[in-house]
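Down below is the structure, laid out as structure tokens.
None of these values were measured; they are calculated from a predicted model. Convention: sequence-line order gives letters A, B, ...; per-chain numbering from 1.
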Amino acid sequence: MARSDEAAAFFATVYSAVREIPEGKVTSYGHIAKLIGTPQRPRQVGVCLKHLSHDAGARFNNVNVPWQRVINAKGAISQRSQPSGARNQAAALQAEGVTVATGALGELTVDFAEYGWFPRSLPSEEESELDDDDSE
DNA sequence: ATACTGACCCTGG
DNA sequence: ACCAGGGCCAGTA
């Protein structure tokens with residue numbers, strides 16, 4: 001498998017993971033990176049979303065992939081080159097019923113405690129403070 | 001081909 | 001609590 005193919009596979013994997021985010025929920029780039037087994041590349045996740053196709057005929061596009069449900073670890077919508085994009089993302093989230101607040105610096109934030117999506121597939125998070133049952 | 005950028009995140013001071 | 005530094009690597013110039 002050539003490197004370019006691996007890159008394409010990475011894109012597809014990211015898009016598939018993003019698709020798993022339930023409507024009305026949000027998660028972080030880093031979380032997506034962990035889910036797909038590459039916890040050290042949250043930046044590349046952002047690259048994937050940036051390059052998401054606008055063509056409705058594409059396998060993955062900005063309609064069938066809920067890109068708006070991915071925000072940064074600080075619980076804020078990442079600012080990008082075009083300020084309108086962040087606003088656009090906030091609007092898309094609010095359309096799903098997600099409350100978006102505005103910070104003192106004008107940053108658009110979402111409350112993880114309320115809308116965060118964090119599945120338990122993470123290897124590290126397993127050793128939780130569950131009750132007792134260590135049957136293993 | 002080389003160099004800089006970036007829709008990020010974590011660890012230290 | 002905030003700021004700096006380091007790592008990551010596909011895109012873009």
Side-chain angles (χ1 to χ4, degrees):
Chain A
M1 208 174 191
R3 287 169 272 297
S4 55
D5 290 330
E6 295 190 19
F10 182 80
F11 269 65
T13 306
V14 168
Y15 295 146
S16 296
V18 172
R19 268 178 162 170
E20 301 304 312
I21 308 172
E23 185 174 327
K25 293 288 185 178
V26 297
T27 194
S28 69
Y29 298 94
H31 191 181
I32 294 296
K34 285 180 187 173
L35 285 180
I36 65 180
T38 57
Q40 329 227 159
R41 299 170 227 174
R43 301 195 84 168
Q44 302 315 114
V45 173
V47 172
C48 293
L49 296 179
K50 181 179 185 179
H51 285 260
L52 197 51
S53 176
H54 274 75
D55 180 6
R59 176 149 78 111
F60 296 110
N61 58 56
N62 62 332
V63 175
N64 62 28
V65 177
W67 56 273
Q68 68 270 23
R69 297 175 197 154
V70 184
I71 62 181
N72 64 33
K74 295 186 288 290
I77 295 174
S78 295
Q79 184 72 352
R80 71 187 202 287
S81 351
Q82 287 288 319
S84 54
R87 277 202 316 100
N88 185 27
Q89 183 171 0
L93 284 174
Q94 291 183 106
E96 295 186 351
V98 175
T99 298
V100 180
T102 303
L105 305 164
E107 52 185 37
L108 304 165
T109 65
V110 175
D111 182 10
F112 272 136
E114 181 68 31
Y115 303 103
W117 179 69
F118 299 99
R120 48 197 125 228
S121 305
L122 282 57
S124 306
E125 316 246 329
E126 304 210 17
E127 43 137 344
S128 59
E129 52 285 342
L130 282 198
D131 324 5
D132 35 276
D133 205 33
D134 42 24
S135 46
E136 198 179 341

Just how far, in rounded Å, is [atom2] of [N] from [atom1] of [X]?
{"X": "A/Gln40", "N": "C/dG6", "atom1": "CD", "atom2": "C1'", "answer": "12 Å"}
{"X": "A/Leu49", "N": "B/dA7", "atom1": "CG", "atom2": "P", "answer": "11 Å"}
{"X": "A/Arg87", "N": "B/dA7", "atom1": "CZ", "atom2": "C1'", "answer": "16 Å"}
{"X": "A/Gln82", "N": "B/dA7", "atom1": "CD", "atom2": "P", "answer": "11 Å"}
{"X": "A/Lys74", "N": "C/dC3", "atom1": "NZ", "atom2": "P", "answer": "12 Å"}
{"X": "A/Ile21", "N": "B/dA7", "atom1": "CD1", "atom2": "P", "answer": "18 Å"}
{"X": "A/Ile36", "N": "C/dC8", "atom1": "CD1", "atom2": "P", "answer": "16 Å"}
{"X": "A/Gln89", "N": "B/dC8", "atom1": "CD", "atom2": "P", "answer": "10 Å"}

Classify the ring geometry of A/Phe11 against A/His51: parallel below 30°, tilted from 30° to 60°, perpendicular beyond 60°.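 Ring orientation, 0 to 90° scale: perpendicular.
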
Which residues pass the side chain to side chain contact (heavy atoms under 4.5 Å, CB included) test with [X], not counting sequence neighbours?
{"X": "A/Arg41", "value": "A/Thr38, A/Gln44"}
{"X": "A/Glu114", "value": "A/Asp111"}
{"X": "A/Gln40", "value": "none"}

Of all the nucleotides listed ([options]), which has the minimum atom distance to the side chain of [X]?
{"X": "A/Asn72", "options": "C/dG11, B/dC9, C/dC9", "value": "B/dC9"}
{"X": "A/Phe11", "options": "B/dC9, C/dG11, B/dA7", "value": "C/dG11"}
{"X": "A/Pro42", "options": "C/dC9, B/dC9, B/dA7", "value": "B/dC9"}

Is there a side-chain contact between A/His51 and the phosphate of C/dT12, meaning an N or O under 4.0 Å from OP1 or OP2?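 Yes.
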
Mind checking the C1' distance from C/dA4 to B/dA7? Whole angstroms is fine.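 About 22 Å, rounded to a whole number of Å.
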
For A/Gln79, report the nucleic acid contact type (base, sugar-phosphate, nothing); a contact means any heavy atom under 4.0 Å.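 The residue A/Gln79 makes sugar-phosphate contact but no base contact.
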
How would you label the contact of A/Thr38 with the nucleic acid (heavy atoms, under 4.0 Å): base, sugar-phosphate, or nothing?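 Since no nucleic acid heavy atom lies under 4.0 Å of A/Thr38, the category is nothing.
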
I'd like to compare against my own output: the B/S/- annotation of nucleotides 1-6 of chain B with a strict under-4.0 Å heavy-atom distance to protein. -----B

Side-chain heavy atoms nearer than 4.5 Å, only ILVMFWY residues, links allowed to pass through others: does that put [X] and [Y] together?
{"X": "A/Leu49", "Y": "A/Ile77", "result": "no"}
{"X": "A/Phe60", "Y": "A/Tyr29", "result": "yes"}
{"X": "A/Val14", "Y": "A/Ile21", "result": "yes"}

Smallest separation among heavy atoms of A/Ala86 and A/Ser78, with atom names: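 Distance-wise, the nearest heavy atoms are CB-O, 4.2 Å.
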
Name the stems with DNA chain C in them: runs of three or more consecutive Watson-Crick or G-U pairs, distances under 3.5 Å?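 DNA chain C stems, ordered by first number: B:2-6 with C:9-13, B:8-13 with C:2-7.
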
From the options A/Val65, A/Val18, A/Asn61, select the one residue that forms a side chain to side chain contact (heavy atoms under 4.5 Å, CB included) with A/Leu52.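 By the side chain to side chain contact (heavy atoms under 4.5 Å, CB included) criterion, A/Leu52 pairs with just one of A/Val65, A/Val18, A/Asn61: A/Val65.
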
Quick one: salt bridge (charged side-chain N to carboxylate O under 4.0 Å, His left out) partners of A/Glu96, sequence neighbours excluded?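 Residues passing salt bridge (charged side-chain N to carboxylate O under 4.0 Å, His left out) with A/Glu96: A/Arg69.
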
